[in-house]
Amino acid sequence: MRLWGIGLLALVLVGILIVIGRTGLFDGLTDRDRMALPYFHDFERGSSDFIDIKGRSVFVAQVHPDAPLILSGLPSYASKTFRLPIDSRPVSGTYEIAFRVDAARGAQGALRITINGIKRADVILAEGRSEQKARVELTPSELASRELEVKLALIGRGPLQECTPNEAMSAVVAIEAPSGLHVTLDKPLSTTRDRLALWGSLVPVDWDGVDKPADLPRLIAAARLVDKGYSVYFGDKGLSGDDLTDLLQQAPDNRGRRGPLAYPVPLLSDVANAGTRRFDRETTWRYSYAAADLPNRELPKTLDLRMIMGPIEDTRTTLLVTLNGRLLATRHLSEEDDRLNQSIALPPEIQMARNDLEMTLTSYDHDDMRCGAMRLIAAEMLPATVLQGGGPRLELPILQLRAALQANPPIALASSPLTAPDAQTAARILAELAPNRLRFEDRNARSTIHVLSGDVAGQAAKLRPKGRSWILHYPEDRRQDLVVEPLSPQARGLSARVAVLVALLVDLPPAPAPAPLATTPSPQPSPTGSKPKR
């Protein structure tokens, strides 16, 4: 009887194991579920670590430290332009991409790769969470061009059984740092313009400073590169010493024209907004602008939106316009709205130093029973879509500090020990002071600049700088511009992780009250202590 009971128990256990195996409950204990916990890599460090321009074989990463590259929803789009060297010519090459997929069960999608306008590859997305790769061999005509425009499109449709707008988010693709361009050259790189072309205006700076004095010449050289319009990344690979100095001297100004010369400002100046779009369910046009780069620093007052679209009969088509996540306008479109002509007010109180404007069209079939059916609508933003001026003029305290420092040389520069991340932030702050126009020298200094990190409040208290002093730092909300505030026990910059303290032996002229920009969490005082109007 005991043996019979043991045998019956064994059969029951085997049956349970089979059921568990079929339902996938063992996946958490096996390699099949290695992707159960999404892991998102450091795209900034990845961009630097995977840039290699030594010898004849070079590699340039797809991901740039300005922002990660994520395609969300079906459809969604992204693009990247690779500049090819001129003095050393490519003889062969490949575009390689590694990406992380999170696709809903039943989603049918592909990642499409287009190079210089020619469709080169479609990669079917695996269901669930996975990692995938693709390699595209470059053609002779592509290698002979000055640049390669690589466009990525996430196309397809969501699960057929779902009849909600959530279908648009049935797949997400994150481009991994090892993605990019592999090129074999006829000879090793030897010129600055070739290096800058392959770097994509990103200059890696070697920095291993930990608990030792900061390398001030290297720090100010990096800040001057940022002031010229380049991006820098501090890490354990990159340029230092004479190499960095030589590149700074040879690098041309990369800023281009800072902002438009006059209103109206066309939204098609962002090439991503140009051309006709064919979409099912939803598409979005985006335009970002910095208040400091606008004509005469004047905030825009209205958006003139001009579009052509169709066919929209028998659909529920809606327009939504947002600024910095705040809803500005909504509108249900009818058959007569095949040409959209609408002006939308841009309130100054919700504008920030850096602004994101989004215009979204959503369209669904009136027949709810046609679940999952695709109905393509075409839409195009017209050249007459512009930002119109007329808003309040923005006065920036940083402009006063720049002028005062340039008028009172020389400037003494000092710094606390800086880690690589601290040094990168410090270089960006110093670049706001236009360091290419400043003369640094400790002897007979009339102004001082101190870079502080770690215990900023404690270091500022020990310095006790002479003259008028201001503290500069970046707020947590990166849509806000650099904060410039008088040094006082209540200054918010004293709680920052990295800050720059500027001390002048001269006073600044009074500044007009700045425009009422949105701030977090309270308005910023100008260097003279005046407060913005509300």
* Taking S88 for its side chain and P188 for its backbone only, find out whether a donor-acceptor pair lies under 3.5 Å. => yes
* Asked: In Å, rounded to the nearest 0.5 Å, how long is the span from OG1 of T276 to CE of M309?
  -> 12.0 Å
* Asked: Quick check: does any side chain N or O of T283 sit under 3.5 Å from a backbone N or O of L361, one acting as donor and the other as acceptor?
  -> no
* To do: Taking atom CD1 of I118 as the centre, report whether more than 12 heavy atoms of other residues, nucleotides or ligands fall under 6.0 Å from it.
  => no
* K80 (side chain) donor-acceptor with K151 (main chain) under 3.5 angstrom -> no
* Asked: In Å, rounded to the nearest 0.5 Å, how long is the span from OG1 of T284 to CG of L320?
  -> 8.5 Å
* To do: Taking all heavy atoms of A496 and all of H473, pick out the closest pair and write down the distance.
  => CB-CB, 4.0 Å
* Asked: So does D122 pair up with R112, basic N to acidic O under 4.0 Å?
  -> yes
* Heavy-atom side-chain proximity of V58 to P90 below 4.5 angstrom -> no
* Test item: L346 and Q351 side chains (from C-beta on) under 4.5 Å apart, heavy atoms -> yes
* N341 vs D304, side-chain contact (heavy atoms from CB on, under 4.5 Å): CA-CA, chis, key distance, verdict -> CA-CA 7 Å; N341 186 344; D304 289 344; over 6 Å; no
* Return yes when atom CZ of R339 has more than 12 non-hydrogen atoms of other residues, nucleotides or ligands closer than 6.0 Å, and no otherwise. => no
* Applying side-chain contact (heavy atoms from CB on, under 4.5 Å), run through V101 and E131 and close with a yes or a no. => CA-CA 6 Å; V101 180; E131 290 183 339; over 6 Å; no
* **D422 and T419: side chain donor to acceptor below 3.5 Å** => yes
* Asked: Would you say the side-chain atoms of R120 pair up with the backbone N or O of E137, donor to acceptor, closer than 3.5 Å?
  -> yes
* **Exercise: do D356 and N324 side chains pair donor with acceptor under 3.5 Å** => no
* From CA spacing to verdict: side-chain hydrogen bond (donor to acceptor under 3.5 Å, both in side chains), T184, R56 -> CA-CA 6 Å; T184 300; R56 292 178 56 227; over 6 Å; no
* Considering only heavy atoms from C-beta outward, does the side chain of R100 approach that of V172 to under 4.5 Å? -> no
* Asked: Q424 side chain to F234 main-chain N or O, any donor-acceptor pair under 3.5 Å?
  -> yes
* Asked: Are the side chain of D194 and the backbone N or O of D87 linked by a donor-acceptor pair below 3.5 Å?
  -> yes
* To do: Carefully, step by step, assess D102 and R129 under the rule salt bridge (charged side-chain N to carboxylate O under 4.0 Å, His left out).
  => CA-CA 4 Å; D102 194 345; R129 289 175 179 159; 3.3 Å; yes
* Asked: Are any of the side-chain heavy atoms of V386 and V265 separated by less than 4.5 Å?
  -> no
* Asked: In Å and rounded to the nearest 0.5 Å, what is the CG to CG distance from L154 to L125?
  -> 5.5 Å
* Any side-chain heavy-atom pair from Y230 and L196 closer than 4.5 angstrom? -> yes
* To do: First locate atom CG of L69, then atom CD1 of I175, and finally report the distance between them rounded to the nearest 0.5 Å.
  => 5.0 Å
* Nearest 0.5 Å, what's the NE2-OG1 distance between H332 and T318? -> 4.5 Å
* Asked: Can you tell if the side chain of T322 reaches within under 4.5 Å of the side chain of L357, non-hydrogen atoms only?
  -> no
* Asked: Ignoring hydrogens and geometry, is there a side-chain-to-backbone donor-acceptor pair from D206 to L239 under 3.5 Å?
  -> no
* To do: Go through the steps for I115 and V136 under the test side-chain contact (heavy atoms from CB on, under 4.5 Å), then give the verdict.
  => CA-CA 10 Å; I115 301 178; V136 179; 4.1 Å; yes
* Asked: Are there more than 12 heavy atoms of other residues, nucleotides or ligands under 6.0 Å from atom CD of Q250?
  -> yes
* **Evaluation steps, salt bridge (charged side-chain N to carboxylate O under 4.0 Å, His left out), between R105 and E127** => CA-CA 6 Å; R105 185 180 299 274; E127 190 177 278; 3.6 Å; yes
* Should L387 and L303 count as side-chain neighbours, where that means a heavy-atom distance under 4.5 Å? -> yes
* **V205 and L244: CA distance, side-chain angles, deciding distance, side-chain contact (heavy atoms from CB on, under 4.5 Å) verdict** => CA-CA 8 Å; V205 178; L244 186 62; 4.2 Å; yes
* **No-hydrogen, no-angle side-chain donor-acceptor test under 3.5 Å, T94 and H182** => no
* Structure fact -> Taken to the nearest 0.5 Å, the spacing of E142 CD from L148 CG works out to 6.5 Å
* Side chains of T114 and V150: closer than 4.5 Å at any heavy-atom pair? -> no
* Ring-face cation contact, Y95 with R135, 6.0 Å cut, 45° max -> no
